[in-house]
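Heads up: the structure comes next, in C-alpha cells.
Note that this is a predicted model, so its numbers are computed, not measured.
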Amino acid sequence: MTMAGRRVLAFAYSTSTPFLNLNQNANLLYILASPRHFSAFSASSSEDGCGPYGDNFHKWHNGGGTFHESACIDSTAVVDVGAVVHSESVVGPNVRIGSGTIVGPSVTIAHSTKIGYNVALSNCCIGDSCVIHNGVCIGQDGFGFYMDGDGNMIKKPQMLNVIMGNNVEIGANTCIDRGSWRDTVIGDNSKIDNLVQIGHNVVIGKSCLLCGQVGIAGSATIGDYVTMGGRVAVRDHVSIISKVRLAAASCVTKDIKEPGDYGGFPAVSIHQWRRQVASRCRLR
C-alpha cells in the first residue's frame, strides 16, 4: 500500500466525524482496496523519473494535467490541462478536475466528484459525488491571531483539516477554512451558494442550505436541515439547533435552541421580528 493509501486508512479510522466511518464511506475502502484501478505512469515520463514537468511530476494520460508520482489517481479520473495534483493526494474513480485547479499535498477526493476551474484544495477530504464550482478555496488557514505582551499580532496555528461529506455542492468563490482545534466539517447533502465564507472549526450538519454571501464565523456549530437566506451572519462559537430557518440579512449573536423561523439583527423568532418591523414602520 502506498504512503497516501496508509494516510487515508489511518485518517478514516481515527476521525470522529460520523459520515467518515468506514461503513458509510465505502468509497474510501474502494480506493484503498483497488490499487489496480490506479495509474502511476505516463507516456510522457522520462526514464530518469523526472519527466518534462519538473522533478517527480508527470503528465496525466486522461486530460493532460500534471500529477506527482506519489499521488494515487484512479485511471478513470480526468485531470484537465493546467490542473496539478500534488504529492500523496488520492483521487478516486470518475473524478473530474478542471483546468487551473490545484489539488494540494495529501488531499483526498472520493469518487464521482466534479471540480471546476481554478479551484484550490488543501488540507481537506472531499466525499463522493460532490460538485465544487469555479474559484472555490478549501483548506486554507483560518483567521486567527492574538496579541502578545509587546503588542504584536501573532498568528495562531491552523493545523487541522476540512472534512466534506457526500453529495455536497459548493458555489463559486466560496471559501472554507481549515480547523485549528477541531476539523471544519460540512455534512452530507448540504448545498452552499456562491461567495460564502465558512470560518475555521465550523461544523455544519447534513442537508443544510446556505444562500449567497452567508458568513459563518469560527467555531460555530450548525445542526441538520438549517436554511440561511442571503447575507445571514453567524457570530463565532454559537450553536444553532437543527431545523432552523433564518431570513435574509439576519445576524445570529447567541445560541438558537428551538427549531423554527428567525430573522432580524439580532436574530429573534420570526413573529417577534415582524412585530419589530411593523412597529418601526408606524413610527415613521
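A search for side-chain hydrogen bond (donor to acceptor under 3.5 Å, both in side chains) contacts involving Asp193 returns nothing, not counting sequence neighbours. Annotation: side chain to side chain contact (heavy atoms under 4.5 Å, CB included) contacts of Asn173 (sequence neighbours excluded): Leu195. A search for side-chain hydrogen bond (donor to acceptor under 3.5 Å, both in side chains) contacts involving Ser112 returns nothing, not counting sequence neighbours. With sequence neighbours left out, Thr101 forms a side chain to side chain contact (heavy atoms under 4.5 Å, CB included) with Ile97, Val103, Ile115, Val119. For His86, the side-chain hydrogen bond (donor to acceptor under 3.5 Å, both in side chains) criterion is met by no residue, not counting sequence neighbours.
Clustering of Ile, Leu, Val, Met, Phe, Trp and Tyr by side-chain heavy atoms under 4.5 Å joins Leu160 with none of the others. Listed by chain and number, the hydrophobic cluster partners of Val268 are Ile270, Trp273, Val277, where partners are ILVMFWY side chains within reach of under 4.5 Å, directly or through others.
The salt bridge (Lys or Arg N to Asp or Glu O under 4.0 Å) analysis of residues 221-230, with sequence neighbours excluded, yields no pairs. Here ring pair (Phe, Tyr, Trp, His ring centres under 6.0 Å) pairs that include residues 123-163, with residues two or more places apart or in two chains, are Phe143-Phe145. Listed by first and then second residue, the salt bridge (Lys or Arg N to Asp or Glu O under 4.0 Å) pairs that reach into residues 258-276 are Arg245-Asp261, sequence neighbours excluded. For the salt bridge (Lys or Arg N to Asp or Glu O under 4.0 Å) condition, no pair includes a residue of residues 98-114, sequence neighbours left out.
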Do any side-chain atoms of residues 225-233 form donor-acceptor pairs under 3.5 angstrom with protein atoms, and if so which ones, sequence neighbours left out?
none

